[in-house]
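Here the structure comes first, spelled out in structure tokens, and everything after it is commentary.
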There are 2 protein chains.
Amino acid sequence: MTGVWQCQGVTTTSAVGAVRQGSLRELNLAVVLGRIAAAARPPSRADLATDTGLTRATVSAVVDDLIGGRLVCESAPAPRSGAGRPARGLVLADHGPAGLGLEINVDYLAACVVDLAGTVRHHVVHRADLRPVSPADAVARLAALAADAHAAADREGLVLAGATLAVPGLVDAHGLVRLAPNLGWRDVDVPGLLADRLRIDPVPGVPPLVVDNEANLAALGELHAGPPGAPSFLHISGEVGIGAGIVLNGSLFRGARGWSGEIGHVPVRPDGRPCRCGGRGCLERYAGQEAILTAAGLTGTDLPADTATTTLAGLAADGDQAALTALHDAGTALGVAVSAVVNLLDLDTVVLGGGYATLAPWLCPAILTELSRRVLTARWAEVTVRPAALGPRSAAVGGAGSVVRAVIARPVGWLARSG
Amino acid sequence: MTGVWQCQGVTTTSAVGAVRQGSLRELNLAVVLGRIAAAARPPSRADLATDTGLTRATVSAVVDDLIGGRLVCESAPAPRSGAGRPARGLVLADHGPAGLGLEINVDYLAACVVDLAGTVRHHVVHRADLRPVSPADAVARLAALAADAHAAADREGLVLAGATLAVPGLVDAHGLVRLAPNLGWRDVDVPGLLADRLRIDPVPGVPPLVVDNEANLAALGELHAGPPGAPSFLHISGEVGIGAGIVLNGSLFRGARGWSGEIGHVPVRPDGRPCRCGGRGCLERYAGQEAILTAAGLTGTDLPADTATTTLAGLAADGDQAALTALHDAGTALGVAVSAVVNLLDLDTVVLGGGYATLAPWLCPAILTELSRRVLTARWAEVTVRPAALGPRSAAVGGAGSVVRAVIARPVGWLARSG
DNA sequence: CGCAATTTGTTCAGTGGTTGAATTAAATGA
DNA sequence: TCATTTAATTCAACCACTGAACAAATTGCG
């Protein structure tokens with residue numbers, strides 16, 4: 001008896017819709033555009049044909065549609081070795097659809113524009129303490145930043161296809177911010193306040209405004225910034241609270257209600273300090289921004305959070321003992337929580353984002369120590385812990401990126417819109 | 001500005017292969033068969049047409065292929081209300097392909113046959129302490145059970161399309177059992193020992209033998225036994241060790257290397273009892289079978305594990321204080337670990353399987369108490385904790401089910417095989 | 001310089017599979 | 001008995017992919 005032996009079964013094709021006649025072209029448009037987006041260097045039509053298994057004739061037809069829709073451009077012919085007609089490289093258009101990324105956080109507002117290729121074409125961060133500001137006022141200020149971003153996009157020949165707003169809290173399926181504890185918000189209808197001010201010409205299949213948790217979007221940003229593929233990793237955002245975005249097999253896992261990633265209340269000392277969540281010994285009480293700053297003796301200085309983090313990093317770099325101890329202890333607590341996650345999900349990568357991105361050099365050793373002690377499979381397979389590629393404040397960029405990914409995933413919507 | 005407002009972004013179409021001409025029919029065969037499998041009552045061709053969006057003509061053609069391939073049968077016309085030609089109901093064939101499920105566990109062997117519809121057509125459990133038995137001998141005994149199952153399938157007109165073997169340990173991508181601690185196995189090449197004895201006529205697209213972790217397969221069994229849909233839940237198997245199968249959006253999540261679900265070593269008392277994994281205060285030390293039995297005063301009785309569990313359940317039912325306390329404490333430990341998982345993944349359901357299935361009535365209250373204390377979103381959304389629908393020892397059934405799911409997910413393989 | 005070799009991209013008749021409308025089939029109800 | 005209603009099939013039309021042939025553009029060798 002011969003056959004291919006494999007351990008893991010076939011992944012069941014999750015309720016894919018039926019394939020109608022027209023869906024055929026629709027799907028192939030998405031496949032070809034996806035390959036162009038994922039390719040390391042500009043592929044030729046012939047490359048795409050061998051890559052996808054389609055014939056060159058089909059690929060040419062599909063690419064013609066994509067070029068006609070201004071999603072793809074022909075780049076300068078790549079320098080080729082060997083004989084034969086030189087290939088014409090295909091790249092994502094730098095003047096087509098773009099995504100608008102927005103963020104409301106505790107101590108800043110942000111807006112950015114990301115083009116199809118994932119390049120950040122515009123990015124503005126506006127520092128301000130938003131805690132004393134009403135939701136309506138905060139949204140009004142954000143709308144001004146969004147208008148600037150819109151103008152910048154116009155100047156660069158980009159068309160905004162949708163917007164994504166990152167908030168530090170729980171968001172329900174309708175975009176309602178159910179709870180943003182560190183902002184003091186509860187049941188705020190952000191889409192209702194913001195939607196009419198954005199003036200986005202809707203693209204079929206692309207939601208004009210998505211509101212999502214900041215940690216989720218930062219994880220998405222990390223996903224798109226990294227090499228193509230379907231990685232699984234945990235992205236931990238250390239802001240005032242601690243949130244995590246979970247990327248599994250290349251897509252964000254949001255949980256049954258979109259509220260996944262609440263790692264801040266994993267117990268790391270079950271009989272430890274009481275937490276405002278009602279539990280005891282939650283991670284947030286040992287590795288949250290406040291806990292670290294207090295342990296390092298930086299409390300009461302009334303610095304903005306990001307400045308305090310930078311100060312702390314500076315102290316640690318200078319060898320300040322209190323800072324080093326505080327960071328080591330926080331790293332240990334993080335390590336306990338992360339070990340549980342890695343044991344459960346068998347992840348091979350943990351990304352430190354938000355404030356942790358800056359503090360990563362001093363957090364990593366303690367985290368790795370805990371991982372090697374507590375992860376059952378540590379002997380066979382390494383777990384990588386690294387700072388976020390996009391650095392802190394990446395949620396807006398991740399959100400904008402998710403808009404263009406939506407266009408790339410279903411290009412027909414865009415093509416139908418612009419004749 | 002109008003449009004659909006939604007919180008969560010579009011799920012990116014994960015690297016789907018290109019759609020060739022022939023794939024069209026291939027995909028629609030899968031879609032239609034999937035709907036027939038998922039339907040609550042036998043659907044008619046017309047039902048399928050409105051359901052899938054295909055035309056009735058196309059559905060008829062597709063269904064003809066499926067009936068010709070003996071995957072689907074016409075059932076007796078369903079009693080219809082109202083006028084009109086009565087519909088002919090379509091059901092999965094009870095004489096077509098079937099799956100062989102096998103299990104090697106610490107104290108029993110099992111083999112079963114499951115047909116397309118998910119009905120268990122044959123099931124044999126052979127009790128034996130496998131710890132003193134060599135892997136080769138254990139596989140030889142299992143092969144005898146498998147031969148019986150094969151004969152039973154033949155008698156019922158079923159054709160085995162593939163086999164799945166459940167083992168209580170870590171399995172790598174090649175089917176190698178890297179470590180089965182409670183069985184004392186290490187780096188055992190089970191496919192090499194078993195494959196040639198199974199005599200399975202391979203079906204294209206269906207792996208002839210899959211080896212997987214027992215907890216994963218039990219979770220798959222639970223998934224298929226439940227209502228159709230794409231649920232997310234955690235299935236906890238309490239055997240000698242504690243394993244978990246994680247089902248996310250209707251598919252099993254296996255992790256980067258297939259080793260997800262190691263919940264037994266989540267710390268629930270970080271400075272608690274030392275564990276053989278090297279950590280301290282692991283869940284297994286508080287809610288593992290040994291820990292519970294010891295706490296209940298049932299240790300040293302040298303009973304087989306399942307008998308001991310039944311005995312314990314009997315004592316608890318009779319109000320034995322030691323048993324009740326032991327179960328309450330185990331439930332509390334489980335609740336701490338489960339809370340962490342629920343906070344992280346936002347699951348709405350936790351299923352108690354393996355030995356826990358029997359003990360669920362006494363474990364649930366303590367688990368629910370911890371959940372309500374520790375889960376941040378508990379106020380908005382309930383978490384259901386329930387015993388496994390398939391009961392204990394469901395891994396073999398789940399494995400057999402995963403074989404038929406593979407056939408349903410890609411029926412062309414089967415159709416190509418049998419003219 | 002010229003020509004074969006090579007690779008890219010396009011053209012075009014052919015085909016598979018879906019489409020939509022018309023038709024047949026089989027029941028209910030007035 | 002016949003109009004009404006719903007189910008399923010038939011068939012010409014059509015859409016998008018296929019495969020082979022062809023045109024285009026470059027390298028390399030004599």
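Residue numbering restarts at 1 for every chain, and letters A, B, ... go by the order of the sequence lines. In this text the structure is predicted, and so the values were computed from the model without any measurement.
- Per the geometry, CG belonging to A:Leu27 stands 13 Å off P belonging to C:dT18, to the nearest Å.
- The side chain of A:Thr58 places no N or O atom within less than 4.0 Å of a non-bridging phosphate oxygen (OP1 or OP2) of D:dC17.
- At a threshold of 4.0 Å, the pair A:Asp65-A:Arg25 counts as salt-bridged, since one of the basic side-chain nitrogens sits closer than that to a carboxylate oxygen.
- Between B:Arg25 atom CZ and C:dT19 atom C1' there is a gap of 13 Å when expressed in whole angstrom units.
- Between B:Ser44 and the phosphate of D:dA8, there is a side-chain N or O to OP1/OP2 separation shorter than 4.0 Å.
- Taking atom CZ of B:Arg56 as the reference point, atom C1' of C:dT23 lies 11 Å away to the nearest angstrom.
- Protein atom CD1 of B:Ile67 is 8 Å distant from nucleotide atom P of D:dT9, rounded to whole Å.
- Using a 4.0 Å heavy-atom cutoff across all strands shown, B:Ala46 reaches sugar-phosphate atoms only and no base atom.
- Atom CZ in B:Arg45 sits roughly 17 Å away from atom P in C:dT19 (whole-Å rounding).
- Between B:Leu248 and A:Leu248 there is a side-chain heavy-atom pair separated by less than 4.5 Å.
- Nucleotide C:dT10 holds its C1' atom 16 Å from the CG atom of A:Leu54, rounded to whole Å.
- Of the candidate nucleotides C:dT10, D:dA25, C:dT18, C:dT18 has the atom lying nearest to any side-chain atom of B:Leu24.
- Within the structure, every side-chain polar atom (N or O) of A:Asn28 is placed at least 4.0 Å from both OP1 and OP2 of D:dA16.
- A donor and an acceptor atom never sit less than 3.5 Å apart when one is taken from the side chain of A:Arg85 and the other from the base of D:dA25.
- Using a 4.0 Å cut-off between a side-chain N of Lys or Arg and a carboxylate O of Asp or Glu, A:Glu26 and A:Arg410 qualify as a salt bridge.
- Distance CZ (A:Arg20) to P (C:dT19): 4 Å, rounded to an integer number of Å.
- Between A:Arg417 and A:Asp201, at least one side-chain N (NZ, or NE/NH1/NH2) sits under 4.0 Å from a carboxylate O, which counts as a salt bridge.
- With distances taken from any side-chain atom of B:Gln21 to the nucleotides D:dC17, C:dG9, C:dT19, the minimum falls on D:dC17.
- In this structure, the nucleotide among D:dG19, C:dT8, D:dT9 sitting nearest to the side chain of A:Ala57 is D:dG19.
- Nucleotides of DNA chain C nearest to B:Gly53 and A:Asp47 differ in position, and the one nearer the 5' end is that of A:Asp47.
- For A:Ser60, a side-chain nitrogen or oxygen approaches OP1 or OP2 of C:dT10 to under 4.0 Å.
- The distance from atom CD of B:Glu74 to atom C1' of D:dT9 is 13 Å, rounded to the nearest whole Å.
- The pair B:Arg254-B:Asp212 counts as a salt bridge, with a side-chain nitrogen and a carboxylate oxygen less than 4.0 angstrom apart.
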